[in-house]
*Asks:* 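Below you'll find the structure I mean.
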Amino acid sequence: MNRSLSNSPIGIRGMGSYLPRDIRSNEEVARRTGVTADWIRERTGVRARHVAAPDEAASDLAASAVRAAATAAGIDAADISLLICATSTPDELGPATACRVQALLKAEHAVALDVSAACSGWLFAIKVAHDWLRADRTPRYAAVVGVEVYSKFLDPEDRATSVLFADGAAAAILGPVGPDEGFQDFDFGSDGTLADQVLIPAGGSRLPADATTLADKGHFIHMDGRSVSHFISATFPRLVHESLARNRLSVSDIDCLVAHQPNPVLLHRLGRQLGIDIPTLVIVGDEVGNIGAASAPYALTAAAARHALRPKDRVLITVFGAGMTWGSALLTWSGAPAVRIAPTRSNLPERERPRYDHLTQRP
């Protein structure tokens with residue numbers, strides 16, 4: 001496909017995801033947090049969490065996800081003109097993790113930059129890439145990847161965070177798509193007065209690393225779980241209702257609802273309240289936990305890989321996260337393929353094992 005971007009909408013040409021090999025079970029998490037595996041399942045719905053190896057950083061996971069998405073899109077790394085990485089767990093405070101990803105991919109023609117909006121970051125980055133490509137005069141491609149390695153920032157004894165957060169990456173290749181396809185109706189917001197509800201307090205310019213911040217566990221994720229749950233319960237339905245109203249649509253007009261995946265039990269409850277059933281509401285947090293900026297693209301990749309999406313399907317994407325931040329986008333699906341890379345081994349009990357399907361397995 002070789003369409004001029006000035007005449008073509010911008011949409012998704014391929015999706016890809018990557019999960020690290022090691023898996024942390026509910027039983028393992030329960031032993032450190034003082035709860036039971038059943039308590040974790042009943043309260044969160046999470047069955048397992050993928051965990052990066054000691055030598056795996058965010059850029060390693062992100063590069064694998066972009067490779068998968070590029071394979072799905074049928075392009076090479078050299079075809080990528082823009083590479084945006086959304087993460088709140090970067091390789092370093094600087095440079096941009098996207099530059100590390102660019103080097104790993106040998107994507108020498110790509111402009112590389114990061115977007116930081118926590119769990120909302122991937123959709124924020126999609127908006128940047130969408131507008132960037134629309135302003136370009138030649139048909140090029142953008143790679144937008146969400147990635148987190150939360151396991152390196154968790155207090156294993158903190159049940160508010162350790163039961164939920166995990167590692168993973170998912171990416172989209174953006175480019176010109178057919179008529180009546182692609183992204184439309186983006187909407188975003190943020191409220192910095194709520195920034196303390198979930199954050200990593202130390203390690204930045206406000207609280208540089210020292211012996212005190214280490215002793216105070218300031219480099220771990222701190223979260224007010226009750227406040228965050230209330231925020232999600234208010235924000236998710238509002239995003240859905242406002243998007244439908246702006247576009248003069250009803251719930252029945254949405255073929256697929258992709259949301260950030262903070263807690264599967266909470267998402268199921270909110271979906272029922274909205275009158276949106278499974279599988280229209282894609283829920284994958286049970287198999288991977290909360291993987292932050294990778295959650296929404298991982299859910300979209302899963303929907304594409306399971307053949308739940310057909311060309312011209314109407315997809316509503318909603319995100320919300322620390323900051324606090326939120327956003328939505330309406331997407332008409334182009335029929336893009338997906339490649340999912342996942343582990344081939346697991347020592348989990350049968351009832352805890354993630355149910356993968358239509359995957360490209362890692363050797």
Side-chain angles (χ1 to χ4, degrees), residues 9-17 45 69 72-73 119-120 122-123 126-127 130 144 146 170-174 177-178 180-187 232 235-264 266-288 291 293-320 326-340 355-359:
I10 301 300
I12 290 177
R13 300 288 297 270
M15 295 294 303
S17 64
C119 300
S120 303
W122 179 78
L123 192 59
I126 285 286
K127 172 61 170 170
H130 174 273
V144 182
I173 300 297
L174 270 61
V177 292
D180 302 319
E181 296 176 344
F183 285 98
Q184 58 257 191
D185 188 50
F186 292 101
D187 186 66
I232 294 169
T235 302
F236 178 37
R238 176 176 60 80
L239 290 173
V240 173
H241 289 310
E242 289 179 353
S243 180
L244 294 178
R246 282 194 307 272
N247 293 280
R248 299 182 180 180
L249 300 172
S250 65
V251 167
S252 62
D253 294 317
I254 300 300
D255 299 298
C256 180
L257 176 54
V258 170
H260 170 52
Q261 307 280 313
N263 177 316
L266 179 59
L267 273 188
H268 275 287
R269 176 172 64 79
L270 295 175
R272 288 193 297 269
Q273 292 175 4
L274 288 165
I276 300 174
D277 298 324
I278 309 300
T280 300
L281 173 59
V282 182
I283 296 183
V284 293
D286 54 339
E287 62 190 48
V288 295
I291 52 176
S295 290
Y298 182 86
L300 185 58
T301 304
R306 293 167 181 169
H307 306 296
L309 288 177
R310 298 161 298 180
K312 307 297 184 180
D313 272 357
R314 186 177 285 120
V315 181
L316 176 58
I317 304 172
T318 60
V319 293
F320 28 86
W326 59 87
S328 67
L330 204 58
L331 168 66
T332 301
W333 191 246
S334 61
V339 173
R340 301 174 76 194
R355 272 61 173 175
Y356 302 115
D357 53 358
H358 297 99
L359 300 190

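The figures here come from the full heavy-atom set of this structure, side chains too, leaving out hydrogens, waters and symmetry mates.
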*Asks:* By salt bridge (Lys or Arg N to Asp or Glu O under 4.0 Å), which residues pair with D313, not counting sequence neighbours?
*Replies:* R310
*Asks:* Taking all non-hydrogen atoms of both residues, which atom of A336 and which atom of G14 are closest, and how far apart?
*Replies:* CB-N, 3.8 Å
*Asks:* Within this structure, what is the OG1-CD1 distance for the pair T332 and I12, rounded to the nearest 0.5 Å?
*Replies:*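 Rounded to the nearest 0.5 Å, the OG1-CD1 separation comes out at 11.5 Å.
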*Asks:* Can you list every side-chain hydrogen bond (donor to acceptor under 3.5 Å, both in side chains) pair that touches residues 248-259, not counting sequence neighbours?
*Replies:*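 The answer is S250-S252, S250-D253.
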*Asks:* State which residues pass side-chain hydrogen bond (donor to acceptor under 3.5 Å, both in side chains) with D277; sequence neighbours excluded, sorted by chain then number.
*Replies:* none
*Asks:* Tell me the closest heavy-atom pair linking I283 and P264, and the distance in Å.
*Replies:*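 Heavy-atom minimum between the residues: CG2-CB, 4.0 Å.
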*Asks:* Listed by chain and number, what are the side-chain hydrogen bond (donor to acceptor under 3.5 Å, both in side chains) partners of S334, not counting sequence neighbours?
*Replies:*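 Checked S334 against side-chain hydrogen bond (donor to acceptor under 3.5 Å, both in side chains); zero matches.
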*Asks:* Rounded to the nearest 0.5 Å, how far does CZ of R246 lie from CG of L330?
*Replies:*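 It is 9.0 Å, given to the nearest 0.5 Å.
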*Asks:* How about T318 and W326: do any of their side-chain heavy atoms sit closer than 4.5 Å?
*Replies:* no
*Asks:* Please test H260 against W122 for side-chain contact (heavy atoms from CB on, under 4.5 Å), starting from the C-alpha separation and ending with a verdict.
*Replies:* CA-CA 10 Å; H260 170 52; W122 179 78; over 6 Å; no
*Asks:* Return all side-chain donor-acceptor pairs below 3.5 angstrom for residues 235-244, not counting sequence neighbours, or 'none' if the list is empty.
*Replies:*
unit_1 : atom_1 : unit_2 : atom_2 : d
T235   : OG1    : F231   : O      : 2.7
R238   : NH1    : E242   : OE1    : 3.4

*Asks:* Looking at residues at least two apart in the chain, or sitting in another chain, which of them share a side chain to side chain contact (heavy atoms under 4.5 Å, CB included) with A299?
*Replies:* V258, Q261, V282, V284
*Asks:* Residues two or more places apart in sequence or in another chain: which of them pass side-chain hydrogen bond (donor to acceptor under 3.5 Å, both in side chains) with Q273?
*Replies:*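 Counting only residues at least two positions away or on another chain, Q273 forms no side-chain hydrogen bond (donor to acceptor under 3.5 Å, both in side chains).
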*Asks:* On a heavy-atom basis, which atom in L274 and which in V251 lie closest, and how many Å separate them?
*Replies:* O-CG2, 3.8 Å
*Asks:* Applying the salt bridge (Lys or Arg N to Asp or Glu O under 4.0 Å) criterion to E181, which one of R314, R13, K312 satisfies it?
*Replies:* K312
*Asks:* Quick one: list whatever passes side chain to side chain contact (heavy atoms under 4.5 Å, CB included) with A293, sequence neighbours left out.
*Replies:*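 Residues passing side chain to side chain contact (heavy atoms under 4.5 Å, CB included) with A293: A86, E148.
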*Asks:* The criterion is side-chain hydrogen bond (donor to acceptor under 3.5 Å, both in side chains); which residues satisfy it with S120, sequence neighbours excluded?
*Replies:*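 S120 satisfies side-chain hydrogen bond (donor to acceptor under 3.5 Å, both in side chains) with T325 once adjacent residues are dropped.
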*Asks:* Give me the atom names and distance for the closest heavy-atom approach of L267 to A259.
*Replies:*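 Nearest heavy atoms, L267 then A259: CD2-CB, 4.4 Å.
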*Asks:* How long is the straight-line distance from CG of D185 back to CD1 of I317, given to the nearest 0.5 Å?
*Replies:* 11.5 Å
